[in-house]
Amino acid sequence: MIRPILIHPDPRLKKVCDPVAEITPEIRQLAADMLETMYDAPGIGLAAPQVGVTKRVIVMDCIKEGDPEPMALVNPEILWSSEDVSTYEEGCLSIPEQYAEVKRPAEVQVRWLDLEGQVQERQFAGLWATCVQHEIDHLDGKLFIDYLGPLKRQMITRKMEKLKRERARA
Ligand code: K2U
Ligand code: ZN
């Protein structure tokens, strides 16, 4: 089912999430709901804390040459990051309509547990490297605006507080 996406500022978006001890039917349902929620947004990535679940689960859709490839990564870890960095104008489903340039390593090697409980390892580059780092940051309570200067971050936070007030009145 589609779950509501938390909007910054929200304490649950700043928490360091707990590792998943075991791949249970609940974890599989969470990943399915996260993918449904991500496609509905629409987005290309989503982290569990964004739907209020402080567990180390992220989903991404690494669209390769057209056919979608939905991925669920449990307890993802970055094993290696390239020296080279790439800059991308990032957004976030928890910080709607706000975009800013963020520099991140251009390639990362990631290890995770898939929904069958198998250990997977893959090197990501391009937009997928940006996306997987953005999502893993969410699991550590880090948002892309934390890479910005204090003034720009404060301006965006004030806009989100205003948006939440308006949504509460609607
Ligand atoms: O985690 C999220 O909030 C979803 C993010 C993932 C993302 C952020 C920056 C760069 C890549 C991925 C996005 O809102 S998904 C929306 C989107 C779609 C296409 C390209 C970039 C961002
Ligand atoms: Zn985000």
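Note that the structure is predicted; figures quoted are calculated from it, not measured. Start at 1 and go down the list; that is how both ligands and their atoms are numbered.
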Interatomic distance, R12 atom CZ to S94 atom OG [nearest 0.5 angstrom]
10.5 Å
Proximal ligand 1 atoms for C92, defined as those under 4.0 Å from one of its heavy atoms
3 (O), 14 (O)
Would you mind checking which non-hydrogen protein atom is closest to atom 8 (C) of ligand 1, with the distance to 0.1 Å?
G91 O, 3.3 Å
Min over R104, E135, Q50, M60 of heavy-atom distance to atom 5 (C) of ligand 1 lands on E135
Hey, what do you get for CG (L46) to CE (M34), rounding to the nearest 0.5 Å?
5.0 Å
Rounded to the nearest 10°, what angle sits at the Zn ion (ligand 2) between NE2 of H134 and SG of C92?
120°
Would you indicate whether R158, at its atom CZ, is surrounded by more than 12 heavy atoms from other residues, nucleotides or ligands within a distance under 6.0 Å?
no
Any chance you could measure L163, atom CG, to H8, atom NE2, to the nearest 0.5 Å?
11.5 Å
Please give the atom name: the N, O or S atom of H138 nearest to the Zn ion (ligand 2).
NE2
for atom 21 (C) of ligand 1, nearest protein heavy atom and its distance come out as Y88 OH, 3.7 Å
Quick test of your reading of the structure: of G43, G45, C131, whose heavy atom lies closest to atom 4 (C) of ligand 1?
G45
Could you grab the distance from atom OG of S86 to atom CZ of R104, nearest 0.5 Å is fine?
9.0 Å
Going by an N to O cut-off under 4.0 Å, is there a salt bridge joining E107 and R122?
no
For T130 and ligand 1, does the shortest N/O to N/O distance drop below 3.5 Å?
no
Which of the numbered atoms in ligand 1 are under 4.0 angstrom from any heavy atom belonging to L127?
11 (C)
Between E161 and R165, is the closest basic N to carboxylate O distance under 4.0 Å?
no
Are any of the N or O atoms of L93 closer than 3.5 Å to those of ligand 1?
yes
Within ligand 1, which atoms have a heavy atom of H138 less than 4.0 Å away?
1 (O), 3 (O)
Between the side chains of D140 and K142, is the shortest nitrogen-to-carboxylate-oxygen separation below 4.0 Å, so that they form an ion pair?
no
At what distance is the nearest protein heavy atom to atom 17 (C) of ligand 1, and which residue and atom is it?
I44 CG1, 4.0 Å
